[in-house]
Amino acid sequence: MLEIETFVDAIAERGWASTSAVLDAAAVESLRGVVAPYAVDGRGGARNLLANEKIRALAASPSVRGLAAAVLGDECFAVRALLFDKTPSANWKVVWHQDLTIAARERVDVPGYGPWTEKAGVPHVQPPVDILERMLAVRIHLDACTATNGPVRVVDRSHRRGRLSAVAIDELRRTEAECECLVEQGGILAFRPLIVHASAPATEPGHRRVIHVEYAAQSLPLPLEWHQRVA
């Protein structure tokens, strides 16, 4: 695994970092069993995984939360967990974008927050940029992520540019190089939500199971609250 200082420096400089395996084969196999009920064929993933006790334990574990805490501080907490899986029946593409929405307990109209949407029955909203700048996505890979199974691609250092329009993202891609984020089984890919990223369909589709956990470092302005909060 990367030395923690190197990990933190990479997040600050490039907006992303990957590690070698932090979970052994037995732990990975156990988590595959945990997510199996969510892996509906053809759907490509699931939301609201923090409702699962074992996923909450994973999000709070030293090997996973410790990486988020090194970047965000010891008071950080998990706020959302998703499953992604590319298979022959769900070999999807994600266009270039930034992660701009957060999950809220309920819709409350607060200045600076909007627009609102609903995903899997949960209210989601775009917060001010300063909230997103104090978040980190930590993705636990239950399968090796190779060049052939649709890895995440990023534009290095794009997390420093704030919220970008679709036109600005297209312009950025014309001038900046892309980088593939390859990760071994049991390893972690972490990135800032504002980094411009995408993924192509797999050229050799199989399982590419990823548990995606988002961490935040501050409360929302009351009465607005995070949908879930796991320290």
Side-chain angles (χ1 to χ4, degrees), residues 1-2 4 7 10-11 16-71 78-94 99 103 119-120 135-154 179-193 195 197-215 228 230:
M1 181 177 172
L2 282 176
I4 197 66
F7 177 88
I11 294 291
W16 70 279
S18 60
T19 75
S20 56
V22 302
L23 302 178
D24 61 22
V28 167
E29 191 59 35
S30 176
L31 285 169
R32 287 175 178 174
V34 171
V35 302
Y38 300 97
V40 176
D41 190 44
R43 195 167 66 183
R47 295 181 177 273
N48 305 325
L49 264 66
L50 285 179
N52 185 293
E53 180 181 359
K54 292 183 178 179
I55 300 298
R56 290 198 302 274
L58 174 70
S61 67
S63 59
V64 178
R65 184 187 177 276
L67 293 173
V71 174
V79 295
R80 181 166 64 168
L82 313 170
L83 171 69
F84 299 117
D85 187 13
K86 287 189 180 179
T87 65
S89 59
N91 188 17
W92 31 270
K93 171 185 178 179
V94 179
D99 291 341
K119 302 176 183 181
M135 294 182 69
L136 187 73
V138 178
R139 296 167 65 107
I140 303 96
H141 283 257
L142 305 185
D143 303 280
C145 185
T146 69
T148 64
N149 65 1
V152 168
R153 294 176 289 154
V154 302
C179 181
E180 285 188 327
C181 303
L182 309 183
V183 188
E184 66 182 86
Q185 177 183 300
I188 281 175
L189 167 66
F191 56 83
R192 292 291 197 178
I195 197 167
H197 60 288
S199 68
T203 56
E204 297 179 5
H207 278 300
R208 195 215 63 175
R209 287 161 286 197
V210 172
I211 299 173
H212 171 109
V213 183
E214 295 172 4
Y215 292 85
Q228 292 179 300
V230 177

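If you're wondering where the values come from, they're calculated on a predicted model, not measured in any experiment. Numbering starts at 1 and runs along the sequence shown.
To the nearest 0.5 Å, atom CG of residue Leu31 and atom CG of residue Leu83 are 11.0 Å apart.
By the ring pair (Phe, Tyr, Trp, His ring centres under 6.0 Å) test, Phe191 is found to be paired with His197, residues two or more places apart in sequence or in another chain being considered. Applying the side-chain hydrogen bond (donor to acceptor under 3.5 Å, both in side chains) test to Arg47 and every residue at least two apart in sequence or in another chain returns nothing. Remark: Thr203 pairs with Thr148 by the side-chain contact (heavy atoms from CB on, under 4.5 Å) rule, at least two apart or across chains. Not counting sequence neighbours, the partners of Ala27 by the side-chain contact (heavy atoms from CB on, under 4.5 Å) test are Leu23, Asp24. Residues forming a side-chain hydrogen bond (donor to acceptor under 3.5 Å, both in side chains) with Arg153 (at least two apart in sequence, or on another chain): Glu178. Residues forming a salt bridge (charged side-chain N to carboxylate O under 4.0 Å, His left out) with Glu180 (at least two apart in sequence, or on another chain): none. In this structure, Arg192 has no side-chain hydrogen bond (donor to acceptor under 3.5 Å, both in side chains) partners at least two apart in sequence or on a different chain. Applying the side-chain hydrogen bond (donor to acceptor under 3.5 Å, both in side chains) criterion to Lys119, with sequence neighbours excluded, gives Thr101. Qualifying side-chain contact (heavy atoms from CB on, under 4.5 Å) partners for Pro88, counting only residues two or more places apart in sequence or in other chains: Pro205.
Checked by atom type and distance alone, the side chain of Arg139 never pairs as donor or acceptor with a backbone atom of His212 at under 3.5 Å. At distances below 3.5 Å, not a single donor-acceptor pair connects side-chain atoms of Tyr38 with backbone N or O atoms of Leu82. Remark: the backbone N or O of Thr146 is paired with a side-chain donor or acceptor of Asn149 at under 3.5 angstrom. Asn91 places a side-chain N or O within donor-acceptor distance of the main-chain N or O of Ala202, the cut-off being under 3.5 Å.
Between Arg32 and Glu29 there is a salt bridge, since a side-chain N of the basic residue sits under 4.0 Å from a carboxylate O of the acidic one.
For residues 200-211, every residue pair satisfying the salt bridge (charged side-chain N to carboxylate O under 4.0 Å, His left out) rule, not counting sequence neighbours, is listed here: Asp143-Arg209. Applying the salt bridge (charged side-chain N to carboxylate O under 4.0 Å, His left out) test to pairs two or more places apart or on separate chains, none has a residue in residues 58-69.
Between Phe84 and Ser199 the shortest side-chain heavy-atom distance does not fall below 4.5 Å.
Scanning all heavy atoms of the two residues, the minimum distance from Ala59 to Tyr215 falls at O-OH, 2.6 Å.
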